[in-house]
Amino acid sequence: MERSELLRRYACERERLRPLAEKDSPAGEYLHPVFGAGALPSPVMLVGEAPGAEETRLSRPFSGRAGKHLDGLLAATRIPREALYITNVVKYRPVVRTERSTRNRTPTREEIAASLPLLLEEIRLVRPKVVVTLGNTPLWAVLALAALPPATVGRLHGRPAPLRLAGAERELFPLYHPASGIYNRSLLPIMERDTAALGEHLVKAAEIVLSAPSDML
Ligand code: URA
């Protein structure tokens, strides 16, 4: 039931994005959105920023380089990927196009705002107890959905915070984006500590580790 409802929502998003692709040099890979995937329902939902090139090619969130880093982090928590639901705030790859290349860009505030209703629906249907945000964009989005003031991952990372979201009491657990350590190696030990804290918290909070998913998307 959640599965068919989610698929319906994703189909609506595909329709919303289609006209955006009609510009000469569109600022996103609007015709190839990447939707959430994983266990349904799931006690833990991971939310990233937006797919990159590899995710767009494979239609799977976190399947490229950032996904490898995410797998490394998850291995440290001993939580199998299949026990989670993984999605992004913005469902298409935002890009800057030049004659020579197509590069990723950070989504604009307007793009994030336009993506919030679908993210809220995903949270409602996946019913996570813990929402793990990966970087500043998803943290900003989830705080906005909970009608809380914006804050940076630098301030909130590595510890749970209660919040009311999509009609239920849940927990927010902000992490740095898995790719942050590529650009700033001094973050690596902090990210490792945060991930260990998440692992310990999930075992306590969500009976998550080995509970079998009832359905997969
Ligand atoms: N970065 C993200 O935030 N999401 C992905 O799916 C891949 C990279």
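Whatever order the structure lists ligands and atoms in, that order sets their numbers, starting from 1.
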| query | Is the shortest distance from a heavy atom of L134 to ligand 1 less than 4.0 Å? | reply | no
| said: Just so I know, are the side chains of F35 and R14 near enough to count as touching, which here means a heavy-atom distance under 4.5 Å? | reply: yes
| query | More than 12 heavy atoms of other residues, nucleotides or ligands under 6.0 Å from CZ of R164: is that the case? | reply | yes
| query | Quick one: which ligand 1 atoms are inside 4.0 Å of a heavy atom on E55? | reply | 6 (O), 7 (C)
| Distance from atom 1 (N) of ligand 1 to nearest protein heavy atom, with residue and atom | H177 NE2, 3.1 Å
| request: Check whether W140 and L148 end up in the same hydrophobic cluster, where Ile, Leu, Val, Met, Phe, Trp and Tyr are linked by side-chain heavy atoms less than 4.5 Å apart. | output: yes
| query | Looking at the rings of H32 and Y92, which for Trp means the six-membered one, are their centres under 6.0 Å apart? | reply | no
| request: Before signing off on this row, confirm whether G48 and ligand 1 have an N or O atom pair separated by under 3.5 Å. | output: no
| field | Closest approach of P51 to K91 (non-hydrogen atoms, all atoms of both residues) | value | CG-O, 3.5 Å
| Under-4.0 Å heavy-atom contact with ligand 1, by part of E49 that carries it | both
| task | Report the part of A50 in contact with ligand 1, treating N, CA, C, O as backbone and CB onward as side chain, heavy atoms under 4.0 Å; options are side chain, backbone, both, neither. | result | backbone
| message | Which label fits H157 and Y176: parallel for a plane angle under 30°, tilted from 30 to 60°, or perpendicular past 60°? | response | tilted
| request: Sort out for me which residue in L84, I86, T195, L175 forms a side-chain contact (heavy atoms from CB on, under 4.5 Å) with L70. | output: I86
| So, is G52 polar-close to ligand 1, with some N/O to N/O distance under 3.5 Å? | no
| remark: Looking only at heavy atoms, the pair that brings E122 and L6 closest together is CG-CD2, 3.8 Å
| task | Using a strict 4.0 Å cut-off to heavy atoms of P61, name the atoms of ligand 1 that fall inside it. | result | 6 (O)
| Closest protein heavy atom to atom 8 (C) of ligand 1, given as residue, atom name and distance to 0.1 Å | A66 CB, 3.6 Å
| query | Tell me, which protein residue and heavy-atom name are nearest atom 4 (N) of ligand 1, and how many Å apart are they? | reply | N88 OD1, 2.7 Å
| G64 heavy atom under 4.0 Å from ligand 1 | no
